[in-house]
Amino acid sequence: MIRFLLSRLVQGVVVILAVITITFTLSEMVPGGAIRNERNVSEETKKAQEEYFGLNKPWIVRLGLTIKHYATLDLPESYHYKGRGVDEIIASGFPVSATVGMAGLLIALAIGVPLGAIAALRPNTLEDRGSTLAATLGICTPSMVLGPLIAILFGLKLRWFNVAGWFDSSDWVLPALTLGIIYSAYIARLTRGSLRETLAQDFIRTARAKGAGEGSVVFLHAMKLACLPVLNFLGPAAAGLLTGSFIVETVFQLPGLGQFFIAAATNGDHQLTIGISTFYAALIVGFNLLVDIIQAVLNPRIRLHA
């Protein structure tokens, strides 16, 4: 188990280094930048700013300094938000994205798992077809369409929640519901397929032959293995939800990481772009490691092939 965890940790570090390098290289290929694109600023001021941020140094030196910043957790200052460090900006936007993302994840699980289980337990019935149709519609409906529809219904028509902004304690509901409905569709499809496959295996027939009740067969035996594909999906999905859906945060005007990332790309703030991308990659690595550990606990055979 220790070797299993160490191998995953080493892979995670390699992934994060690759993300930093690739994002840094792509940012360098983009013409201009937050400093070079400033208007009504003298060339002497621009040169002084470039020297302050180290932009006058060779590419490989700046890449090494960037990696050093993230290795020591001493993140650099943002080009656009003068006087604010990248870590400070991430810390200010992440709580909003995390609140919406965690609520969206819980909504997705609360809808998707029961919906998929009902479809798997009653194949080729009205419940199965209805669940499959609902999941397909959820997958095919983009957030830029679903978000405004939910805002119009619950915000403008019923007036239960604010349409946009982050002012009241309930402002997380509509964006979380948007994310939860979309992700619940994927979870429902995965749960249905995995549970049907598990219920057809020999050990399930053996459990039924020994007189085990249907509830015991499904919840104590089948669901334990059927949830593994869902866990695989939840790793990157949870990271994406917690860092904020860029489109959903734009639709509901939330001050989360998504808005900062869009602003960084628009303003040419390469340091903030690299910081948010690296933070996102670190979350994916962390959640995937957590999923690997849970899977190894649920299915010991995974540890043998680590």
Side-chain angles (χ1 to χ4, degrees), residues 12 15-16 19 86-115 135 138-139 141-151 154-155 161-191 227 230-265 272-273 275-294:
V15 168
I16 293 174
V19 169
V86 172
D87 53 347
E88 180 184 349
I89 296 173
I90 292 176
S92 66
F94 180 65
V96 176
S97 298
T99 300
V100 174
M102 184 60 67
L105 182 62
L106 294 176
I107 292 172
L109 289 171
I111 297 175
V113 172
L115 200 66
I139 293 173
T141 305
S143 56
M144 68 181 66
V145 174
L146 182 60
L149 289 177
I150 290 178
F154 295 104
F161 305 98
N162 292 327
V163 175
W166 193 256
F167 307 105
D168 297 335
S169 58
S170 61
D171 286 339
W172 59 270
V173 175
L174 297 187
L177 186 61
T178 303
L179 292 173
I181 290 175
I182 293 174
Y183 278 86
S184 69
Y186 295 94
I187 292 174
R189 292 291 297 268
L190 287 172
T191 303
C227 69
V230 177
L231 285 174
N232 275 331
F233 172 75
L234 287 182
L241 284 167
L242 291 179
T243 51
S245 171
F246 302 158
I247 296 175
V248 170
E249 289 190 1
T250 302
V251 169
F252 292 99
Q253 293 298 298
L254 303 180
L257 279 183
Q259 289 290 295
F260 280 118
F261 188 81
I262 293 175
L272 185 56
T273 303
I276 296 178
S277 300
T278 304
F279 182 70
Y280 180 72
L283 279 179
I284 292 180
V285 169
F287 277 108
N288 282 339
L289 178 61
L290 180 61
V291 168
D292 288 338
I293 295 173
I294 296 174

Value rounded to 0.5 Å, distance of CG in Leu272 from OG in Ser277: 9.0 Å

Do Ser143 and Leu179 come within less than 4.5 Å of each other through their side chains, counting heavy atoms only? no

Spacing of CG belonging to Leu234 relative to CD1 belonging to Ile187, to within rounding of 0.5 Å: 5.0 Å

How close do Val248 and Pro175 get, counting heavy atoms only, and between which atoms? CG1-CB, 3.7 Å

Residues passing the side-chain contact (heavy atoms from CB on, under 4.5 Å) test with Leu146, sequence neighbours excluded, are Thr141, Ile150, Thr178, Ile181, Ile182

Donor-acceptor pair, Asp171 side chain versus Asp168 backbone, under 3.5 Å? yes

Work out which heavy atom in Pro114 is nearest to a heavy atom in Leu109; give both atom names and the distance. CD-O, 3.5 Å

Output the distance between atom OG (Ser184) and atom CG (Leu106), rounded to the nearest 0.5 Å. 12.5 Å

Per-pair distances, 0.1 Å, donor-acceptor, side chain in residues 253-260, under 3.5 Å, sequence neighbours excluded:
residue	atom	partner	partner atom	Å
Gln253	NE2	Thr250	O	2.7
Gln259	NE2	Thr250	OG1	3.0

What one should report as the nearest heavy-atom pair of Ala151 and Val163 is CB-CG1, 4.0 Å

When rounded to the nearest 0.5 angstrom, what distance separates CD1 in Ile90 from CZ in Phe279? 6.0 Å

Looking only at non-hydrogen atoms, find the nearest pair between Thr273 and Ala264 and report the distance. OG1-CB, 3.5 Å

Nearest 0.5 Å please: distance from the OH atom of Tyr280 over to the CZ atom of Phe261. 10.0 Å

Heavy-atom closest pair (Leu190 atom, Val230 atom, distance to 0.1 Å) is CB-CG2, 4.1 Å

Which pair of heavy atoms, one from Val86 and one from Gly275, lies closest together, and at what distance? CG1-CA, 3.8 Å

Apply side-chain contact (heavy atoms from CB on, under 4.5 Å) to Trp166 and Thr99, showing your working. CA-CA 11 Å; Trp166 193 256; Thr99 300; 4.2 Å; yes

Gap separating the CZ atom of Phe154 from the CG atom of Leu149, nearest 0.5 angstrom: 11.0 Å

